[in-house]
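Within every chain, numbering begins at 1; the chains are lettered A, B, ... in the order of the sequence lines, protein sequences first and strands thereafter.
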There are 4 protein chains.
Amino acid sequence: MPRKMPENRLDRIHAAACAAFLKKGYGGTKMEDIAASVGVGRSALYASFPTKEALFRGLVTNLVEHALPLERILQGIEAQTLPEVLGDLIARLTLAMSKGAGPVLHRLIIAEGAQFPELGRAYRKGVLQPLVTTVEGLLELGVRRGEFTAPDTRLAAQHIAGAMIMTVLWPRVFDPRASKAKVLEAANALAGMLLYGVLKR
Amino acid sequence: MPRKMPENRLDRIHAAACAAFLKKGYGGTKMEDIAASVGVGRSALYASFPTKEALFRGLVTNLVEHALPLERILQGIEAQTLPEVLGDLIARLTLAMSKGAGPVLHRLIIAEGAQFPELGRAYRKGVLQPLVTTVEGLLELGVRRGEFTAPDTRLAAQHIAGAMIMTVLWPRVFDPRASKAKVLEAANALAGMLLYGVLKR
Amino acid sequence: MPRKMPENRLDRIHAAACAAFLKKGYGGTKMEDIAASVGVGRSALYASFPTKEALFRGLVTNLVEHALPLERILQGIEAQTLPEVLGDLIARLTLAMSKGAGPVLHRLIIAEGAQFPELGRAYRKGVLQPLVTTVEGLLELGVRRGEFTAPDTRLAAQHIAGAMIMTVLWPRVFDPRASKAKVLEAANALAGMLLYGVLKR
Amino acid sequence: MPRKMPENRLDRIHAAACAAFLKKGYGGTKMEDIAASVGVGRSALYASFPTKEALFRGLVTNLVEHALPLERILQGIEAQTLPEVLGDLIARLTLAMSKGAGPVLHRLIIAEGAQFPELGRAYRKGVLQPLVTTVEGLLELGVRRGEFTAPDTRLAAQHIAGAMIMTVLWPRVFDPRASKAKVLEAANALAGMLLYGVLKR
DNA sequence: AATGAATGAGAATTCATTCAT
DNA sequence: CATGAATGAATTCTCATTCAT
């Protein structure tokens, strides 16, 4: 069986690297960890990537590209009113970002962003900016319409984006034993809180 | 004049290590980086710490101990009504955690927590739990009094805590060029949003 | 052609390590000494042994196992009378122990035994005890038969064993310029002296 | 009490170094080991010796000078017949060499002689040669008188010297639990065996 | 294309030695 | 003089990367 399936070889490496980098960080991950996880020898990895750094960059770049399914989520929103749209966006996007390798990306950027400035830039451009901009757009529209209130829409959008990311990160980083099932609840609760606050009306 | 001040030697090492670990992470930081920053030779560090790992653990443990000036902040709050108390707590604590080495700790835990499980535990016990518990306590009281609304006070408290941490982290991690002056504004804006939401009443 | 013979790699390392440890002792031997002698880079050694200490232990353990060809020697003895058997044993065993890496072991144990207690134990169990016990057995038999005289057979056996080891060690340690050709003579002379003493009858 | 007794400072260092080098060998002994044992700081040693090597050389040279109390022993011998003189010499010298730091020297030379050739030479010249020569002299005299028999008096003398050294070494190196009380017995038994052999007459 | 043996550039750590006090 | 802090050279061990097969 020398011809297994070289097609998704790259994907399998990415998956293995993803898990390894998540657990040990860039510096703590050995090429052997990844190779063993894929089931090949160290040297085989070098057929797909010239260096460990290239592998890492490729992985993160790839994650960035799929991290924010904005368009898919936006198209799926059927709500009519602006507040409902924003709430749906927050809840659905948070949920979507929690799936699969989503949480990994944020963690890697927080951990290694300073050492790989261009990855930080790519993340900001590909994830943070679109997210913040989209939210800010909705907020501004709402403020103009008198439906939302926010002294500084950009700051508010940043806080909303940050809270979403933190919600995605929480079970992985701060609560290892958390049941994955709670993700949906958490996303909805977040949306509610950001829209209505905790103050009873 | 290296023979002059062995008094605060440990503090100086901690400060240098703090900066280095923040920038490069644990694995990426060389003892030489720290030593050079302190202004001594590599081996001088070993007079204060037996290993690099011990230095890291000591640093993080120290950061954990000073990360959450809960009591000081609580005593400083003069507000009377419950909503004002919670808002003050969020704003002041977020501001306090943004000072000095505060942001470093969160970043290190997110980055290296998986490799140093006991540090993760110490962080959860010394920072996360007190913060979440305190906020949850206020929320529950408010809910009982009919002043707050929250379907799941624990989840809400987690979200609030998470948002505070993310606010602390944001300028360091996601927005390197952000002016430090905005921290106060950001903290206040966060408190406002979490209390009132973005929905106009 | 370094890719040619990984077969006896371990043996070659052992041989090189043997020579190096003999000349410089454990502490004085650098991994590089051994590597250079084998003709490989430092790191190649770590494919065969996890640490320098493991290499040393492995070597000594190996030497212990082959240090005392008691059975082979005993089977080769054709003498009939007990005195002749003992004399043959002393002479032949001393000669055999002088061959190859034999002398190295005794020297290493004397030099490093205190730092590696378990190696000392292995040496006592694998070399000293069998040798002393065998000699003591012959002595006791002879004493019972009235052919030997020894107030304390165990002490006598220890002295005989010690004299044999010293004879093996002498040319290497105390007389670097001694011709190797004298080994046979020395072994025979030792056997004669231990049997008959120097006193003329 | 800043002026304790710097007189015997050198002796105390020698004693401490002796114990340390015996236990760990030259390479394995740290200056701190010795300093701590003397009860001073590392740097204080450098007032007495310029380097670790000089300390070691000085120690060994000193030991060599006192290792073989030939004259004292010879003067103490009251025996009249040649065999008795030789027997007394062997027994008394072996006993004398077992006292104090005696065994240390032989062990150090066996262990480190190859790394310090001049110490080996000093040992051969100051210990081995006088011992072998003296014994050989007695043997030759005895052979001429018809009292001793030895095909090769030099070889016989070497064996006797070697057996004596080994007897001195045995309890320290090969039998750590041996009671020190047995030394006298062992010395006498050795003398008997070397004179008369084990063969019953 | 894949392997595994080999490499060499580090990185942490140790320790003899120095020197200001 | 003695000390303790500091140093820097050495040494072990690791790991990304290469290359003959």
Side-chain angles (χ1 to χ4, degrees), chain A residues 1-4 6 9 26-35 38-56, chain B residues 1-7 9 27-35 38-56, chain C residues 1-7 9 27-35 38-55, chain D residues 2-4 6 9 26-35 38-56:
Chain A
M1 70 197 75
R3 280 299 111 112
K4 285 179 187 176
R9 161 62 44 96
Y26 177 77
T29 297
K30 301 179 237 175
M31 287 300 263
E32 165 137 38
D33 296 339
I34 301 171
V38 175
V40 301
R42 278 185 295 290
S43 359
L45 298 180
Y46 290 88
S48 306
F49 297 93
T51 65
K52 181 185 176 186
E53 200 177 315
L55 166 48
F56 183 68
Chain B
M1 75 199 63
R3 306 299 158 85
K4 294 263 173 73
M5 36 175 139
E7 2 137 358
R9 164 60 41 95
T29 297
K30 297 177 251 176
M31 287 302 262
E32 167 140 37
D33 296 338
I34 301 171
V38 176
V40 300
R42 279 185 296 291
S43 26
L45 297 180
Y46 290 89
S48 306
F49 298 91
T51 63
K52 181 186 174 187
E53 200 177 313
L55 166 47
F56 184 68
Chain C
M1 73 196 67
R3 306 298 159 85
K4 294 263 173 76
M5 37 175 138
E7 1 137 0
R9 163 60 43 95
T29 297
K30 297 176 251 174
M31 288 301 262
E32 167 140 36
D33 297 338
I34 300 171
V38 175
V40 299
R42 279 184 298 291
S43 27
L45 297 180
Y46 290 89
S48 306
F49 298 92
T51 63
K52 181 186 174 185
E53 200 177 313
L55 166 48
Chain D
R3 280 298 110 114
K4 285 180 186 174
R9 159 63 44 97
Y26 176 77
T29 297
K30 301 180 239 177
M31 289 300 263
E32 165 136 40
D33 296 338
I34 301 171
V38 175
V40 300
R42 277 186 295 289
S43 358
L45 298 180
Y46 290 88
S48 306
F49 298 92
T51 66
K52 181 186 176 185
E53 199 176 315
L55 166 49
F56 184 69

J.: In whole angstroms, how far is the P atom of F/dT12 from the CZ atom of C/Phe49?
T.: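 Going from CZ in C/Phe49 over to P in F/dT12 covers 15 Å.
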
J.: Enter the distance from D/Glu53:CD to D/Tyr26:OH here, rounded to the nearest 0.5 Å.
T.: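 One gets 4.5 Å once the value is rounded to the nearest 0.5 Å.
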
J.: Just how far, in rounded Å, is P of F/dC15 from CG of A/Leu55?
T.: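 In whole Å, F/dC15 P lies 16 Å from A/Leu55 CG.
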
J.: What are the two closest non-hydrogen atoms of C/Gly27 and C/Lys52, and how far apart are they?
T.: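 Looking at all heavy atoms of both residues, the closest pair is O-NZ, 4.0 Å.
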
J.: Using a heavy-atom cut-off of under 4.0 Å over every strand shown, decide if C/Ala44 touches base, sugar-phosphate, or nothing.
T.: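 Touches a base.
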
J.: Hunt down the Watson-Crick or G-U wobble partner of F/dA20, both distances under 3.5 Å, from any strand shown, or write none.
T.: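 With both distances under 3.5 Å, F/dA20 matches E/dT3.
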
J.: Taking the nucleotide of DNA chain F with the nearest heavy atom to each, does B/Arg42 or C/Ser43 sit closer to the 5' end?
T.: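 Checking each residue's closest nucleotide, the 5'-ward one belongs to B/Arg42.
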
J.: For a quick test of reading the model: is some side-chain N or O of B/Arg9 closer than 4.0 Å to OP1 or OP2 of F/dG4?
T.: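 Negative; the distance criterion is not met.
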
J.: Considering non-hydrogen atoms only, spot the tightest contact between C/Met31 and C/Leu45 and give its length.
T.: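 Looking at all heavy atoms of both residues, the shortest contact is O-CD1, 3.5 Å.
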
J.: Write down the distance between CE (D/Met31) and P (F/dG4), rounded to a whole number of angstrom.
T.: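 Between P of F/dG4 and CE of D/Met31: 16 Å.
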
J.: To the nearest Å, how far apart are A/Lys52 NZ and F/dT18 C1'?
T.: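 So the NZ-C1' distance, A/Lys52 to F/dT18, works out to 17 Å.
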
J.: Classify the nucleic acid contact of A/Thr29 as base, sugar-phosphate or nothing, counting any heavy atom under 4.0 Å across all strands shown.
T.: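 Since only primed, P, OP1 and OP2 atoms lie under 4.0 Å of A/Thr29, the category is sugar-phosphate.
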
J.: Find the distance D/Tyr26:OH to E/dC15:P and express it as a whole number of Å.
T.: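 It works out to 13 Å between those atoms.
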
J.: Choose from E/dT14, F/dT3, F/dT17 the nucleotide whose nearest atom is closest to any side-chain atom of B/Tyr46.
T.: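 Closest of the options to the side chain of B/Tyr46: E/dT14.
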
J.: Rounding to an integer number of Å, can you tell me how far B/Ile34 CD1 sits from E/dA12 C1'?
T.: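 Between C1' of E/dA12 and CD1 of B/Ile34: 12 Å.
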
J.: Return the minimal non-hydrogen interatomic distance between B/Thr51 and B/Ala54, and the atom names on each side.
T.: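 Result for this residue pair: OG1-N, 3.0 Å.
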
J.: What is the distance from CG of C/Leu45 to P of E/dG8, rounded to the nearest Å?
T.: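 Distance, rounded to whole Å: 13 Å.
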
J.: Send over the distance from B/Lys30 NZ to E/dT13 C1', rounded to a whole Å.
T.: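 From B/Lys30 NZ to E/dT13 C1': 16 Å.
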
J.: A/Gly41 or D/Pro50: which one's nearest nucleotide on DNA chain E is closer to the 5' end?
T.: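 Between the two, 5'-proximity favours A/Gly41.
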
